[in-house]
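Everything below concerns the one structure shown next.
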Amino acid sequence: MSSLIQQRMAIERIRTSAIVWTLLGGVGALLALAQLVVGTEPTRAVVFFGIAGGMIIGGLVNSRRYRRAIAAFTTENGVDAGKR
């Protein structure tokens, strides 16, 4: 069994990945929108929108997973468990 600090760090990595996926998806959506406005490749822009949407959905799923994991962790070990 890993220590409380390691457990909290693993849960925080879920939050970090959620933020990264959501931000990258947002940037990708903005780039796809710019490409759609310029009008060079509308089909490619739609594909990029789909990929960006998937990244955003993945980030939101990880965010929900983080909230559930941190709630269970704090319920089991206390609010300040695993903090330095």
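What you see is a predicted model, and the numbers here were worked out from it, not measured in a lab.
- Tracing side-chain contacts under 4.5 Å through hydrophobic residues (I, L, V, M, F, W, Y), one never reaches I56 starting from F48; they form parts of separate clusters.
- To the nearest 0.5 angstrom, M9 atom CE is 8.5 Å from S3 atom OG.
- Looking at Q7 and N77, their side chains come closer than 4.5 Å, going by heavy atoms from C-beta outward.
- Residues satisfying the salt bridge (Lys or Arg N to Asp or Glu O under 4.0 Å) test with R68, not counting sequence neighbours, are none.
- Under the 4.5 Å side-chain heavy-atom criterion for ILVMFWY residues, no single connected hydrophobic cluster contains both L36 and M55.
- Between I70 atom CD1 and E12 atom CD the span is 5.5 Å, to the nearest 0.5 Å.
- Looking only at side-chain heavy atoms (C-beta outward), W21 and V61 stay at 4.5 Å or farther from each other.
- Note on L23 and Y66: separate hydrophobic clusters, where clusters join Ile, Leu, Val, Met, Phe, Trp and Tyr whose side-chain heavy atoms are under 4.5 Å apart, directly or indirectly.
- Shown here are the side chain to side chain donor-acceptor pair (under 3.5 Å) partners of S63, two or more places apart in sequence or in another chain: R67.
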Query - Worked verdict on R8 versus T74 for side chain to side chain contact (heavy atoms under 4.5 Å, CB included) - result: CA-CA 9 Å; R8 184 174 284 272; T74 56; 4.0 Å; yes
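- Among all heavy-atom pairs drawn from T22 and G59, the shortest one is OG1-CA, 3.4 Å.
- I11 and F73 make their closest contact through CD1-CB, 3.7 Å (heavy atoms, listed as atom of the first residue, atom of the second, distance).
- Atoms CZ and CZ, on R44 and F49 in that order, are 14.5 Å from each other to the nearest 0.5 Å.
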